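Data first, discussion second: the structure below is written as structure tokens.
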Amino acid sequence: MPELPEVETILRGIKPLLENSTVKSVNVRQRKLRWPVTHGLEERIIGEKVLEVKRRAKYLLLFFRHGTVLIHLGMSGRLRLLPVSFPPEKHDHVDLVLTNRRVLRFHDPRRFGSVLWVEGNPLYSPQLAHLGPEPLGKKFSGRMLFEISKGRRVAVKNFIMDGRVVVGVGNIYANESLFRSRILPSRSAGSISLYRYKKLVFSIKEVLDEAICAGGTTLRDYVQATGEPGYFEAALEVYDRQGRSCVRCNSTICRSVICQRSSYFCPTCQH
DNA sequence: CCGGCCACCTGCGGGC
DNA sequence: TGCCCGCAGGTGGCCG
């Protein structure tokens, strides 16, 4: 499933063909997603033009005249722009058919994703209102993380994966950025120094930037809007590498479960 | 407010 | 070959 770099890659792929195109028809084959596909979505957007496409956290935002379509890809969601002649396959739940003979197709086997219609400023919608800063923005800094970590006993890995703290950091990039900044994922958030938080924030920004440049990480089913995989998998240093040797010190990479998620780390480099 | 745990759902690979 | 188990890029909700 896509984390921020994968969603950003999809955004860049669909943006040029989607903006200024008009919705001709909508096919919803499966309404039962994470939340039901908004009742009446079809009537709201048929005949309407996509004014702008943006990303906030792991959501894609399609701006229309009277509201916004929010798309989240959950764990297994895909979004592709295809020629209208492409026949739908299993798990192709939602199509936005465009007048330019393309179809924006939402595909999601596990159905943890969502397709929602919101009116008013989408940043104030229930989905987005409570979210923390963008990790690549200026507001996300080591100082800020250090300040809000005071008194927090959760593992630092969960702390940086909490969307109220910072958005977009999922399991892959949490593990990778903690390795780069040499922090053990199980350390409690409140016990980490300002200096180390500055290093961690640098690593988060660095690893996300690099992953975006590589078109994201393809582990199983993720593809860019073009259908091409992402190429960051080759650059992963700890994620899914338990039992293999550390690229830095040659120790054996460990796996452990922290708060129900697999964590990967080097027991020598990270502390 | 905080932390721990569960749920939602399908598909895949490994072990027997 | 086939079954059963564990595991998977997320995140909201419930409970103590």
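Everything quoted here is computed from the prediction, not taken from an experiment. Letters A, B, ... mirror the listed sequences (proteins, then strands); counts begin at 1.
Under the stacking definition used here (centres under 5.5 Å, planes under 30°), the residue A:Phe112 qualifies as stacked on the base of B:dC8.
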Between the protein and nucleotides 2-5 of chain B, which nitrogen or oxygen pairs come in under 3.5 angstrom?
from	atom 1	to	atom 2	distance (Å)
B:dG3	OP1	A:Arg152	NE	3.4
B:dG3	OP1	A:Arg153	N	2.6
B:dG3	OP1	A:Val154	N	3.2
B:dG3	OP2	A:Arg152	NE	2.8
B:dG3	OP2	A:Arg152	NH2	2.7

What are the atom names and distances for every N/O pair under 3.5 Å that joins the protein to nucleotides 14-16 of chain C?
none

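Judged by distance alone, the side chain of A:Ser149 and the main-chain N or O of A:Gly190 form no donor-acceptor pair under 3.5 Å. A donor-acceptor pair is defined here as one N or O able to donate and one able to accept, closer than 3.5 Å; no such pair exists between the side chain of A:Arg196 and the backbone of A:Leu200. In this structure, the side chain of A:Glu147 does not engage the main chain of A:Met144 through any donor-acceptor pair within 3.5 Å. The backbone N or O of A:Glu228 lies less than 3.5 Å from a partner atom in the side chain of A:Thr226, making a donor-acceptor pair. The backbone N or O of A:Gln224 lies less than 3.5 Å from no partner atom in the side chain of A:Arg80, so there is not a single donor-acceptor pair. Between the A:Glu176 side chain and the A:Val238 main chain, a donor and an acceptor come within less than 3.5 Å of each other. Not a single donor-acceptor pair under 3.5 Å links the side chain of A:Thr38 to the backbone N or O of A:Leu41.
In this entry the distance linking CD of A:Glu3 with P of C:dA8 reads 13 Å, nearest Å. A:Leu73 places its CG atom 16 Å from the C1' atom of C:dA8, with the value rounded to the nearest Å. Atom-to-atom, CD of A:Gln30 to P of B:dC8 comes out at 15 Å; the value is rounded to the nearest Å. If you measure from atom CG of A:Asp240 to atom C1' of B:dG13, you get 12 Å, rounded to the nearest angstrom. At whole-Å resolution of the value, CD1 in A:Ile172 and C1' in C:dG10 are 12 Å apart. Rounded to an integer number of Å, the gap from A:Leu128 CG to C:dG12 C1' is 14 Å. Protein atom CZ of A:Arg78 is 15 Å distant from nucleotide atom C1' of C:dA8, rounded to whole Å. Distance, A:Met161 CE to C:dA8 P: 11 Å, rounded to whole Å.
At the phosphate of C:dT11, neither OP1 nor OP2 sits under 4.0 Å from any side-chain N or O atom of A:His130. For B:dG11, the OP1/OP2 oxygens have a side-chain nitrogen or oxygen of A:Lys90 closer than 4.0 Å. Look at A:Arg164 and you won't find any side-chain N or O under 4.0 angstrom from OP1 or OP2 of C:dT11. For the OP1/OP2 pair of B:dT10 and a distance below 4.0 Å, the side-chain nitrogens and oxygens of A:Arg111 include at least one atom meeting the criterion. Of the side-chain N and O atoms in A:His72, one or more sit less than 4.0 angstrom from OP1 or OP2 of C:dT11.
For the P atom pair drawn from C:dC7 and B:dC5, the interatomic distance equals 16 Å after rounding to whole Å.
In this structure, A:Glu134 does not pair ionically with A:Lys139, as no charged nitrogen and carboxylate oxygen lie closer than 4.0 Å. The pair A:Glu237-A:Arg248 does not count as a salt bridge, with every side-chain nitrogen at least 4.0 angstrom from each carboxylate oxygen.
Taking both residues in full, the closest heavy atoms of A:Arg105 and A:Asp92 are given as CD-OD2, 3.3 Å, listed atom of the first, atom of the second, then distance. Closest approach of A:Val118 and A:Gln127 over heavy atoms only: CG1-OE1, 3.9 Å. Residues A:Leu51 and A:Phe64 share a closest heavy-atom pair of CD1-C, 3.7 Å.
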>> Both atom distances under 3.5 Å, Watson-Crick or G-U wobble: I'd like the secondary structure of DNA chain B as a dot-bracket string, with | for pairs made across strands.
In response: .|||||||.|||||||
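Listed candidates were B:dC9, B:dG11, C:dG12. Nearest to the side chain of A:Arg110 is B:dC9.
Backbone-only engagement by A:Tyr239 is indicated by non-hydrogen atom pairs under 4.0 Å involving sugar-phosphate atoms exclusively. Using a 4.0 Å heavy-atom criterion, one finds that A:Arg261 contacts the bases of the nucleic acid, with or without backbone contacts as well.
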>> Pair A:Asn100, A:Lys24 - check side-chain hydrogen bond (donor to acceptor under 3.5 Å, both in side chains), show working.
In response: CA-CA 9 Å; A:Asn100 62 9; A:Lys24 187 180 182 183; over 6 Å; no
